[in-house]
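Any value given below was found using the heavy atoms of this structure, including those in side chains, with hydrogens, waters and symmetry copies removed.
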Amino acid sequence: MKEIRLHAMRFHTLVGILPHERTVVQPIEVDLNVHVAEGAGIIDYRVLYAIAARVACPGPTDYLEEIGEGIAVGALAHSTRIRSARVAVRKPHVSLPGPLAYAEVVVVRNADD
């Protein structure tokens, strides 16, 4: 089994349920790790990046979980050789009453799920 990792992809999107989050674009950061079964050919990581961008960018999206789930499902659909996908989605600008570097949601999906 091989692993492909794309870390700290940065996108700007509308994400969140607060009124200002529905109109003001904000940055998110995404990590995508996929486990690839042995076989002929390669998994083009440019395609995986494009899947992440396509899911992350359109907005508005209510929750980070939706972005993570969409990227994981898209990665698994890309190739039957991709056996699992782990997606971490981070939002650095979170409306909370104290200091916080970011909020992060992690989604893990297997091809057999």
Side-chain angles (χ1 to χ4, degrees):
M1 188 99 45
K2 297 176 185 173
E3 186 172 12
I4 298 172
R5 298 179 182 182
L6 300 177
H7 281 219
M9 295 180 278
R10 291 181 184 90
F11 305 105
H12 289 83
T13 191
L14 296 171
V15 60
I17 58 172
L18 299 176
H20 72 276
E21 294 175 319
R22 308 302 284 175
T23 58
V24 178
V25 173
Q26 57 187 306
I28 62 169
E29 191 171 272
V30 176
D31 297 340
L32 171 59
N33 299 346
V34 296
H35 285 96
V36 181
E38 296 296 331
I42 62 164
I43 303 295
D44 188 341
Y45 56 81
R46 295 173 299 178
V47 173
L48 296 175
Y49 183 94
I51 290 167
R54 183 176 65 242
V55 172
C57 292
T61 303
D62 290 341
Y63 301 106
L64 298 177
E65 290 89 332
E66 295 173 77
I67 295 171
E69 182 72 24
I71 293 170
V73 167
L76 288 169
H78 171 61
S79 171
T80 58
R81 288 185 50 221
I82 295 178
R83 305 309 305 147
S84 68
R86 180 189 185 277
V87 182
V89 183
R90 287 180 292 284
K91 182 174 162 180
H93 304 293
V94 181
S95 295
L96 292 176
L100 178 73
Y102 55 81
E104 179 180 63
V105 171
V106 177
V107 174
V108 179
R109 293 290 170 261
N110 296 307
D112 300 333
D113 290 347

A.B. asks: Restricting to non-hydrogen atoms, name the atom on Leu6 and the atom on Tyr45 that form the minimum distance, rounded to 0.1 Å.
C.D. replies: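 Looking at all heavy atoms of both residues, the closest pair is CD1-O, 3.7 Å.
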A.B. asks: For His35, give me all partners under side chain to side chain donor-acceptor pair (under 3.5 Å), at least two apart in sequence or on another chain.
C.D. replies: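 Partners of His35 under the side chain to side chain donor-acceptor pair (under 3.5 Å) test: Ser84.
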A.B. asks: Restricting to side-chain contact (heavy atoms from CB on, under 4.5 Å), what partner residues turn up for Thr23, sequence neighbours left out?
C.D. replies: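 If we apply the side-chain contact (heavy atoms from CB on, under 4.5 Å) test to Thr23, skipping adjacent residues, there are no hits.
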A.B. asks: Checking one residue: Met1. Which other hydrophobic residues are in its cluster under the side-chain 4.5 Å linking rule?
C.D. replies: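 None; Met1 is a cluster of one.
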A.B. asks: Closest heavy-atom contact between Val94 and Ala103?
C.D. replies: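 In this case the closest contact between Val94 and Ala103 is CG2-CB, 3.7 Å.
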A.B. asks: Answer with yes or no whether the hydrophobic clustering places Ile82 together with Met9; edges join I, L, V, M, F, W, Y residues whose side-chain heavy atoms lie under 4.5 Å apart.
C.D. replies: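 Same cluster.
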A.B. asks: Taking only residues two or more places apart in sequence or in another chain, which ones pass side-chain contact (heavy atoms from CB on, under 4.5 Å) with Arg86?
C.D. replies: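 Arg86 satisfies side-chain contact (heavy atoms from CB on, under 4.5 Å) with Asn33, Ala88, Val106, Val108 only.
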A.B. asks: Enumerate, atom names and distances included, each donor-acceptor pair closer than 3.5 Å involving a side-chain atom of residues 47-61, sequence neighbours excluded.
C.D. replies:
none

A.B. asks: Would you say Val89 ends up clustered with Tyr102 if hydrophobic residues are merged whenever their side chains have heavy atoms under 4.5 Å apart, either directly or through other cluster members?
C.D. replies: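 No; Val89 is not reachable from Tyr102 via cluster members.
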A.B. asks: What pairs with Glu21 under salt bridge (charged side-chain N to carboxylate O under 4.0 Å, His left out), at least two apart in sequence or on another chain?
C.D. replies: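 Result, salt bridge (charged side-chain N to carboxylate O under 4.0 Å, His left out) vs Glu21: Lys91.
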A.B. asks: Hey, could you give me the OG/CG distance between Ser79 and Asp44, rounded to the nearest 0.5 Å?
C.D. replies: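 Reported to 0.5 Å precision, the distance equals 11.5 Å.
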A.B. asks: State, to 0.1 Å, how close Leu14 and Val25 come at their nearest heavy-atom pair, and which atoms those are.
C.D. replies: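 Shortest heavy-atom contact: CD2-N, 3.5 Å.
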A.B. asks: Just to verify, what does Arg22 make a salt bridge (charged side-chain N to carboxylate O under 4.0 Å, His left out) with, not counting sequence neighbours?
C.D. replies: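 Residues passing salt bridge (charged side-chain N to carboxylate O under 4.0 Å, His left out) with Arg22: Asp62.
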A.B. asks: Going by the rule side-chain contact (heavy atoms from CB on, under 4.5 Å), which residues pair with Arg10 if we only count those two or more places apart in sequence or in a different chain?
C.D. replies: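 Checked Arg10 against side-chain contact (heavy atoms from CB on, under 4.5 Å); matches are Ala8, Glu29.
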A.B. asks: Hey, quick one: are Val73 and Leu64 part of the same hydrophobic cluster, counting side-chain heavy atoms closer than 4.5 Å, chains of contacts allowed?
C.D. replies: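 Different clusters.
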A.B. asks: State the CD1-CG distance between Ile71 and Leu32, to the nearest 0.5 angstrom.
C.D. replies: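 It comes to 7.0 Å.
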A.B. asks: Arg81 and Gly41: which non-hydrogen atoms are nearest, and at how many Å?
C.D. replies: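 In this case the closest contact between Arg81 and Gly41 is NH1-O, 3.0 Å.
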A.B. asks: In chain order, what residues pass the side chain to side chain donor-acceptor pair (under 3.5 Å) check against Glu3, with sequence neighbours excluded?
C.D. replies: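 For Glu3, the residues satisfying side chain to side chain donor-acceptor pair (under 3.5 Å) (neighbours in sequence not counted) are Arg5.
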A.B. asks: Could you tell me which non-hydrogen atom of Tyr63 sits nearest to which non-hydrogen atom of Val15, and how far apart they are?
C.D. replies: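 What the structure gives for the nearest pair is C-CG2, 4.2 Å.
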A.B. asks: Sequence neighbours left out, what passes side-chain contact (heavy atoms from CB on, under 4.5 Å) with Val107? Give chain and number order.
C.D. replies: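 By the side-chain contact (heavy atoms from CB on, under 4.5 Å) rule, Val107 matches Glu69, Ala72, Val105, Arg109.
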A.B. asks: Considering non-hydrogen atoms only, spot the tightest contact between Pro92 and Pro27 and give its length.
C.D. replies: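 So the minimum-distance heavy-atom pair works out to CD-O, 3.3 Å.
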A.B. asks: Considering only residues two or more places apart or on different chains, which pairs with a residue in residues 66-99 satisfy ring pair (Phe, Tyr, Trp, His ring centres under 6.0 Å)?
C.D. replies: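 Checked against ring pair (Phe, Tyr, Trp, His ring centres under 6.0 Å) - neighbours excluded - no pair reaches residues 66-99.
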A.B. asks: Considering residues at least two apart in sequence or located in another chain, which fulfil the side chain to side chain donor-acceptor pair (under 3.5 Å) criterion with Glu104?
C.D. replies: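 For Glu104 the side chain to side chain donor-acceptor pair (under 3.5 Å) partners, ignoring immediate neighbours, are Arg90.
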